[in-house]
Amino acid sequence: MTTPLPAAPEDRLPDAAVPKLSRGVRTRWDEARETHMLLAPERALRLDAIAAAILAETDGERSFAAIVDVLAEKYAAPREQIAVDARKLLVDLMDKRMMEVVR
Amino acid sequence: MNVQTALPEGTRVRRVPAPMAMLAELTYRCPLKCPYCSNPLEMSKRSEELSTEQWAEVLRQAARMGVLHVHFSGGEPAARRDLEELLSVAVEAGLYTNLITSGVGLTEARVKDLSARGLDHIQLSVQGTDASTADLIGGYRGGFEHKMKVAAWIAAEGIPLTVNAVMHRRNLDRTAETIDLAVRLGARRIEVAHTQIHGWAYVNRASLMPTREQVDACSAIVDEARERLKGTLVIDYVPPDHHAKYPKACMGGWGRVGLNVTPSGKVLPCHAAESIPHLVFDNVKDKPLAAIWADGAAFNAYRGTDWMPELCRTCDRKEVDWGGCRCQAMAYAGDASATDPACIKSPHHVRMQELALTEAADVPPDYVYRTM
Ligand code: SF4
Ligand code: SF4
């Protein structure tokens with residue numbers, strides 16, 4: 001059996017792709033712990049402010065490029081850096097089957 | 001009697017971090033009789049089960065105290081006709097809802113209804129990869145075929161699915177097929193878990209105990225499949241204790257992460273805690289859940305590190321595995337506050353491993369099926 005080489009993050013999630021949290025995966029504010037959480041089957045992940053901000057714009061409507069635009073504007077941060085961080089987070093969630101590309 | 005909501009006057013709730021998860025064992029009734037069932041040997045009857053209203057109150061209290069995930073389990077939770085109603089209460093309270101089921105008792109209409117009410121996730125147990133093995137292990141004819149239908153209904157609704165596969169002697173050689181089955185059923189995740197030896201599994205340990213070779217082969221298959229199925233299927237693997245060096249952190253630590261409410265309302269630190277005879281468990285009929293969690297004697301018996309034997313207290317893994325499993329210590333060492341015999345440092349470790357080896361070498365005896 002041959003294992004195909006893992007695709008590069010830019011190929012897994014190109015600029016035009018529209019990512020969305022899969023059904024059964026959601027974010028919520030956790031009052032008791034005063035933090036954003038990502039809830040999935042058997043998983044509760046604490047989200048830091050950056051991750052929470054990225055996921056808040058990942059609405060299943062915007063393309064990846066549009067998400068990065070919104071974030072760059074909102075937080076007045078360099079676009080390239082945001083693209084790297086956001087892609088890393090979203091592709092990682094794709095590997096965990098928590099995120100899917102809808103278009 | 002009602003579920004208590006107010007704290008009795010003068011009680012002070014100690015600051016203990018809130019639990020993340022609650023296992024709601026709605027009923028012990030189940031049409032299957034798996035020989036590794038973790039339900040207690042003495043099970044409460046239907047007449048002692050909490051009412052719909054009582055469960056609803058427990059769910060609301062859990063959400064208020066910081067519980068994030070609720071797992072509806074049993075027995076077979078679908079044996080409760082009010083499962084749908086309780087699900088809605090949980091969804092309204094903001095809980096992440098998971099149904100742990102054998103599939104028996106679910107119909108297409110019920111799956112649709114659960115989905116519409118906002119069920120987040122289903123865990124479907126599979127006892128084997130073909131009808132004859134599966135039905136022998138589950139002790140229920142036609143169970144496998146029905147399960148395949150249930151999986152298709154779940155897929156049609158788009159509810160995320162995890163396949164639960166409990167591995168042991170008679171199905172370990174089918175690990176690869178079990179993983180393939182999960183992919184075919186459209187599962188996002190599979191839990192490949194070796195039997196934990198307590199409850200019914202302790203009674204049946206000789207017919208469940210795998211050989212070393214079986215375990216090694218299984219681990220290798222899991223490693224390979226994990227790489228190959230990245231992005232398709234997530235594989236969570238629970239290796240067996242009997243061939244390990246260090247124990248697993250029980251529940252992420254006693255009284256640290258989760259709690260368990262039994263069909264009759266008893267609140268347990270772990271689903272097998274009733275196998276420890278001297279522990280006394282509070283009931284949601286008498287006290288609020290938050291007070292039981294923070295101050296209950298059973299929760300504080302093995303919470304943190306103060307209770308630990310010297311061996312663990314002086315060990316640098318004490319906050320990694322929290323001394324391991326209390327119930328396993330009870331079963332093998334006869335003392336729930338002993339170091340888990342799965343740990344190489346335990347004086348009972350060698351005996352436990354030898355027992356595992358001789359039992360795995362013997363011809364497996366017939367199963368003792370769980371009965372109500
Ligand atoms: S004490 Fe043992 S039986 Fe109970 S949850 Fe922990 S590991 Fe499981
Ligand atoms: S001695 Fe105790 S704390 Fe240390 S590894 Fe063993 S069980 Fe864990």
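Note that the coordinates shown come from a computational prediction; the quantities given were computed from them, not determined experimentally. Below, chain A is the first sequence line, B the second, and so on; all start at residue 1.
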Keeping the roles fixed (side chain from B/H69, backbone from A/R43), state whether a donor-acceptor pair exists under 3.5 Å.
yes
With chain A, which of B/H121, B/K230, B/M65 has the greatest number of heavy-atom pairs at distances under 4.5 Å?
B/H121
With only heavy atoms counted, which part of A/M98 is less than 4.5 Å from chain B, the side chain, the backbone, both or neither?
neither
Atom CD of residue position A/E10 - does it have more than 12 heavy atoms of other residues, nucleotides or ligands inside 6.0 Å?
yes
Closest approach of A/G24 to B/P160 (non-hydrogen atoms, all atoms of both residues):
CA-CG, 3.7 Å
Which atom names give the shortest non-hydrogen contact between A/A32 and B/G66, and what distance separates them?
CB-CA, 3.7 Å
Which portion of B/I122 sits near chain A, non-hydrogen atoms under 4.5 angstrom:
neither
Contacting moiety of B/R189, where chain A heavy atoms sit under 4.5 Å:
side chain
What is the distance from atom NZ of A/K96 to atom CZ of B/R188, rounded to the nearest 0.5 Å?
14.5 Å
Please classify the contact of A/D95 with chain B as side chain, backbone, both or neither, using a heavy-atom distance under 4.5 Å.
both
Rounded to the nearest 0.5 Å, the CG atom of A/L39 sits from the CG atom of B/L68 at a distance of 5.5 Å
Quick one, B/L233 and A/R97 - any side-chain contact, counting heavy atoms below 4.5 Å?
no
Given A/R23 and B/D120, is the salt bridge (Lys or Arg N to Asp or Glu O under 4.0 Å) satisfied, shown in steps?
CA-CA 7 Å; A/R23 174 155 176 200; B/D120 286 303; over 6 Å; no
Within 6.0 Å of CD1 in A/I50, more than 12 heavy atoms from elsewhere:
no
After noting the C-alpha distance and the side-chain angles of B/M20 and A/R33, does the key distance pass the side chain to side chain contact (heavy atoms under 4.5 Å, CB included) rule?
CA-CA 10 Å; B/M20 309 281 285; A/R33 295 168 193 84; 3.4 Å; yes
Please determine whether side chain to side chain contact (heavy atoms under 4.5 Å, CB included) holds for the pair A/R26 and B/Y96, giving the CA-CA distance in whole Å, both sets of side-chain angles, and the decisive distance to 0.1 Å.
CA-CA 9 Å; A/R26 50 193 166 85; B/Y96 187 100; 3.9 Å; yes
Among the options B/T232, B/L119, B/V234, pick out the one with the most heavy-atom pairs lying under 4.5 Å from chain A.
B/T232
Contacting region of B/L229 [heavy-atom separation from chain A under 4.5 Å]:
neither
